[in-house]
Amino acid sequence: MDEVKMDQVKVDQFSNRNEIPEAFRWNLSLVYPSLESWEADFAKVDSHVRRVEEFKGKLGSGALTMKEAFEAQVNLDLLIEKLYSYAHHSSDEDTRDSAKLGRVDRIRGEATKAGARLSWFEPELLEIPVEQLNSLSRDPLLRDFSRKLELLIRSKPHQRSAEVEEILALASEPMDGAYKAFSLLENADMKFQDAVDAQGKNCELNHATYGAYLESDDRELRRSAFGNYIREFSKYQNTFAATIDSHVKKQVFYARARRFNSAIEASLFSDAVPLTVYNGLIDTVNRFLPLLHRWVGLKKRVLGLSEMEIFDQFVPMVKPTRTELPYEEGCRLVREAVRPLGEEYGSALEKAFTERWIDVFYTPGKRSGAYSGGMYLTKPYILLNHKHNLGSTFTLAHELGHSLHTHFSNASQHYTTANYPIFLAEVASTTNEMLLHFHLYEKAESREMKLYLLDHLFTQFRSTLYRQVQFAEFERDIHAMVERGEPLTAESLSDHFESLNARYYGPEMKRHKNIRFEWSRIPHFYYNFYVYKYSTSFAAAQYFAKGIYEGDTKLRDSYLGFLKSGSSRDPIDTLIRAGMDLRGPEPIEAAFQVFEDALNEFERLSK
Ligand SMILES: [Zn+2]
């Protein structure tokens, strides 16, 4: 592909779906062959709810009753998922189509109604004494539900009396005000002053254009976009400090109400992630900050800047002049790249094409971006807006990673343990991206292509490992501040963010006077200790991809076992069984070895 020039790129422009050959459109008729069949299933929801209602007041009356109740609930969930899956995929084909949107609304409404009618189910389960749950979890009749019961037993110590639980449930809506205020202020009320490019032209600045301007070659545009964007946030710093303070206090309140030692322990509880894993990740990444500092220095030299500014970090070091790649060629490369995963993986991958899981091209009204979706009873469908280039090919590899993970877990697990947790979700997708990276690197004929691939990899390390851990550290610290009774103010938040930023980027990154306010624009600080999962997933993927690419068949087999394990164990245990122990620093250190090797290689090639 090195021979192809950028000016030959033609992005397919179809004005409607019928112009696209069938092979490049997903086949939703595998879910429902007709709208009538969807309607016929929709009409069954009520009787499925009634079937579950028959067990009201009886859940604790024995193993057989409990099994039948769980099965009735699973059947209802499967039906709703299937109806919803079809409705939403079909609506994503053209989001302007009101009939399609109508079906999404109808099934959502029906699911909400079912949830309200069955709101007694969980509390009734939680009423069952722990000794009884223990013996039920060992009953062979309930084998398919033993994991569910195990998790229920584990949550018992954090369950309060019926009266307290009722008040906690009533408090949940008014407690959500902080994030609502944050997103209204940020999305609806704030207006940004236009950015100005090197020619003096005004460029409209909003959340959508901001990212593109920062990747622009025009340094004046980058400077202006960053400056105007962050200045607008700085104006509301006291309000944003109040919304964060209120959110963190909510987390601390719930943690204390549920008898956890801290908000962070309460958040890590559902994944059973030890606090030492969270803290260990931050410590290890901090030990490897010199590599990020080295990258800052390298970028400064390659871009030919006398000073590296915070808004210079996003512009590529290597121009993608030769990345044109037709879709079918991209598919072929992905097939080749995942070959080290073996026969079983390869033949499952073929199903994505032969069973038409993928909706490839853009048409007007189609949902933007890319995702892997699908449910237990459907194919793991993929939506793309594919452009014939290398970036889109990485996206294809990524989404196929998710879909194959879903495919293997669904095929190997009972419904109750099929759905893999968010903690593990990005492992399979990033492993595929890395396998594609190694494969392309090996095949690359030109120095330019190699540099381009290394630069692409640096971006992933910067954004997924360093940046997310910087956020994870900030998040941990501000919760601890509130727990110690220290106030979260614009001043204290900005001081702490600024010191973290200086430590992470190092001495060669020039200090921008407004970078201290950047915390105020990050929505993830309202997501309850979520961002670190990107980093652990990314590190795990580096570990698996490198070993598998280098031909470690034992690791490959345990990785396939991982893909089949769904949520049958705690995520940390799932990874340990696959050969990766996040309780120690080694896997994160191994990921940094990949980064260091790439830095060495880039420096060698760019001399
Ligand atoms: Zn993903």
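Each ligand, and each atom within it, is numbered from 1 in the order the structure gives. A quick note: this is a predicted structure, and the numbers were derived from the prediction, not measured.
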Of Y530, F474, Y179, which meets ring pair (Phe, Tyr, Trp, His ring centres under 6.0 Å) against F525? F474

Could you tell me whether E343 and R556 make a salt bridge, using a distance below 4.0 angstrom between a side-chain N and a carboxylate O? no

Does the D271 side chain pair with the main chain of V273, one donor and one acceptor, at a distance under 3.5 Å? no

Can you check the number of protein N/O/S atoms within less than 2.8 Å of the Zn ion (ligand 1)? 4

List, one per line, each side-chain donor-acceptor pair under 3.5 Å for residues 584-593, sequence neighbours excluded.
unit_1	atom_1	unit_2	atom_2	d
E589	OE2	R287	NH1	3.3
E589	OE2	R287	NH2	2.9
Q593	NE2	D597	OD1	3.0

Parallel, tilted or perpendicular for F461 and F538, by the 30°/60° rule? perpendicular

Look at the side chain of K366 and the backbone N and O of E93, then say whether any donor-acceptor pair between them is shorter than 3.5 Å. no

